[in-house]
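Notes follow once the structure below has been shown.
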Amino acid sequence: MTLVQSILTKNPCYTAGRKITVRGLMLHSVGCPQSSAEAFIRNWNRSDFKSACVHAFIDGNDGTVHQTLPWDHRGWHCGASGNNTHIGVEMCEPACIRYTGGSTFTCSDLATARAVARTTYQAAVELFAMLCQQFSLDPLADGVILSHREGHGRGIASNHGDPEHLWTQLGLSYTMDGFRADVKAALTASEKRLDNDPADWSREAVSWATENRLLLGDTDGDLMLRSPLTREQFCVMLKRYHDHFNTR
């Protein structure tokens with residue numbers, strides 16, 4: 001995932017400076033045929049743009065995530081109380097669709113439209129996994145990850161059908177339950193990678209311990225560097241140390 005800061009410093013939502021305690025994440029799609037995140041950033045970064053402001057846009061062409069508000073800033077993304085608890089992220093939509101009324105649209109290039117939707121979906125999974133890790137959120141817990149449509153069903157967002165309307169009409173199999181599961185899988189994979197990546201201050205010691213087979217990790221090769229050490233594990237490592245340096 002490529003994450004760039006494109007903070008909307010001129011938008012009245014940003015200048016209002018209100019903060020929230022992040023309780024969840026809300027997934028949106030922009031509701032118009034525009035795949036470029038930068039087009040929204042140019043339009044929204046104005047002092048007279050008082051209608052909306054979100055925390056990030058995901059570009060439909062390459063999946064770049066443009067962060068447009070600090071994550072703990074109160075956004076104007078869902079039109080109701082969800083603004084007080086949830087980070088709002090907008091996925092850009094294919095340029096080859098045309099809305100005919102409400103959330104219904106036609107599509108002139110299905111293959112291209114599906115490619116855009118897949119690109120934004122995958123980037124959203126990675127972004128939401130990162131945010132869940134940053135704010136200690138469980139992506140499978142009730143109400144933590146919601147679509148705009150689901151937020152409306154809970155009474156915390158205005159009446160919109162995104163992003164499910166986009167996935168359904170493009171014939172994609174994506175669902176919010178599947179999205180939450182994908183975020184959970186990405187978060188688990190990320191945590192495993194982090195547990196094998198020592199901090200700079202411990203890197204030399206960890207390298208020495210693994211090279212001398214004092215620190216082996218589990219059967220999957222996870223060193224569990226940030227997991228608590230039990231007395232049993234300590235005894236095993238102590239014996240390895242004794243055996244290694246007394247048989248040389």
Side-chain angles (χ1 to χ4, degrees), residues 1-8 11 13-14 19-31 34-41 44-45 52-78 82-83 85-94 114-141 143-151 157 160 162-164 166-167 172 174-194 197:
M1 179 187 67
T2 301
L3 176 64
V4 299
Q5 284 206 339
S6 304
I7 304 298
L8 302 175
N11 189 290
C13 178
Y14 174 82
K19 298 293 184 180
I20 64 171
T21 298
V22 177
R23 303 297 187 192
L25 315 171
M26 190 171 290
L27 185 63
H28 305 263
S29 62
V30 293
Q34 177 55 264
S35 58
S36 171
E38 292 182 352
F40 289 99
I41 293 165
W44 290 32
N45 196 24
C53 196
V54 297
H55 294 85
F57 287 97
I58 300 177
D59 190 271
N61 301 306
D62 60 12
T64 296
V65 176
H66 292 262
Q67 182 183 355
T68 46
L69 282 177
W71 300 125
D72 64 346
H73 211 91
R74 184 183 185 274
W76 298 342
H77 60 88
C78 69
N83 288 331
T85 53
H86 283 60
I87 290 172
V89 175
E90 292 273 8
M91 299 183 294
C92 289
E93 297 188 10
R114 286 175 172 172
V116 169
R118 291 189 186 103
T119 295
T120 56
Y121 181 94
Q122 294 302 325
V125 167
E126 294 181 43
L127 174 62
F128 276 45
M130 183 199 81
L131 292 171
C132 282
Q133 186 173 64
Q134 181 173 337
F135 291 99
S136 300
L137 302 173
D138 178 358
L140 300 183
V144 169
I145 293 180
L146 299 171
S147 67
H148 195 152
R149 184 189 66 82
E150 290 176 326
H160 286 255
D162 58 303
E164 292 97 323
L166 183 70
W167 301 337
L172 296 170
Y174 297 146
T175 65
M176 284 305 297
D177 283 342
F179 180 78
R180 286 182 278 267
D182 287 342
V183 172
K184 178 65 174 180
L187 179 61
T188 300
S190 175
E191 289 172 343
K192 185 173 287 292
R193 286 194 300 271
L194 286 172
D197 185 17

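All values below were derived from every heavy atom in this structure, side-chain atoms included, with hydrogens, water molecules and symmetry-related copies excluded. Numbering of residues begins at 1 and proceeds along the displayed sequence.
Taking every heavy atom of both residues into account, H66 and S6 meet most closely at ND1-OG, 3.1 Å. Closest approach of T120 to G60, counting heavy atoms only: CG2-CA, 3.6 Å. Heavy-atom minimum distance, G75 versus C13: CA-SG, 3.8 Å. Closest approach of N83 and R74 over heavy atoms only: O-CG, 3.4 Å. Across all non-hydrogen atoms, the minimal contact from A52 to N11 is O-ND2, 3.2 Å. Between V22 and W71, the shortest heavy-atom contact is CG2-O, 3.8 Å.
Y174 OH to S147 OG: the interatomic distance, rounded to the nearest 0.5 Å, is 16.0 Å. With values rounded to the nearest 0.5 angstrom, I20 atom CD1 is found 6.0 Å from I87 atom CD1. In this structure, CG in L187 is found 12.5 Å from CD in E126, a value given to the nearest 0.5 Å. Within the model, atoms CD1 of I58 and CD of Q122 stand 10.5 Å from one another, a figure rounded to the nearest 0.5 Å. Within the model, atoms CD of Q67 and CG of L8 stand 10.0 Å from one another, a figure rounded to the nearest 0.5 Å. Between the NE2 atom in H77 and the CE atom in M26 there is a gap of 6.0 Å [rounded to 0.5 Å].
Under a 3.5 Å cut-off, the side chain of S190 and the backbone N or O of A186 do not form any donor-acceptor pair. Here the side chain of H55 pairs a donor or acceptor atom with the backbone of G88 at under 3.5 angstrom.
Contact of the D59 side chain with the S35 side chain is not registered, since no non-hydrogen atoms from C-beta on lie closer than 4.5 Å. You'll find the side chain of C78 stays beyond 4.5 Å of the side chain of H86, heavy atoms only. For the pair M176/I145, a side-chain contact is recorded, criterion being any heavy-atom separation below 4.5 Å from C-beta on. Side-chain contact between R180 and F128: absent, with no pair of heavy atoms (C-beta onward) separated by less than 4.5 Å. In this structure, L137 and R23 have side chains that are not in contact, with every pair of non-hydrogen atoms separated by 4.5 Å or more. With contacts defined as side-chain heavy-atom distances shorter than 4.5 Å, the pair F40/T68 does not qualify. Between P139 and L25, every side-chain heavy-atom pair lies at or beyond the 4.5 Å cut-off. Side-chain contact between M91 and D162 is absent, with no heavy-atom pair separated by less than 4.5 Å.
Ring geometry for Y14 against H73 counts as parallel: the plane angle stays under 30°, on a 0 to 90° scale with 60° as the upper cut.
Checked against the 6.0 Å centroid criterion, the rings of F57 and W44 qualify as a close aromatic pair.
With sequence neighbours excluded, the residues forming a side chain to side chain donor-acceptor pair (under 3.5 Å) with R149 are E164, listed by chain and number.
A donor atom on one side chain and an acceptor atom on the other are not found under 3.5 Å apart for D177 and T175.
Partner of S29 under the side-chain hydrogen bond (donor to acceptor under 3.5 Å, both in side chains) criterion, out of H148, E93, H160, E90: E93 alone.
At most 12 heavy atoms of other shown residues, nucleotides or ligands fall within 6.0 angstrom of atom CD in E38. Counting heavy atoms of neighbouring residues, nucleotides and ligands inside a 6.0 Å radius, atom OH of Y121 exceeds 12 of them.
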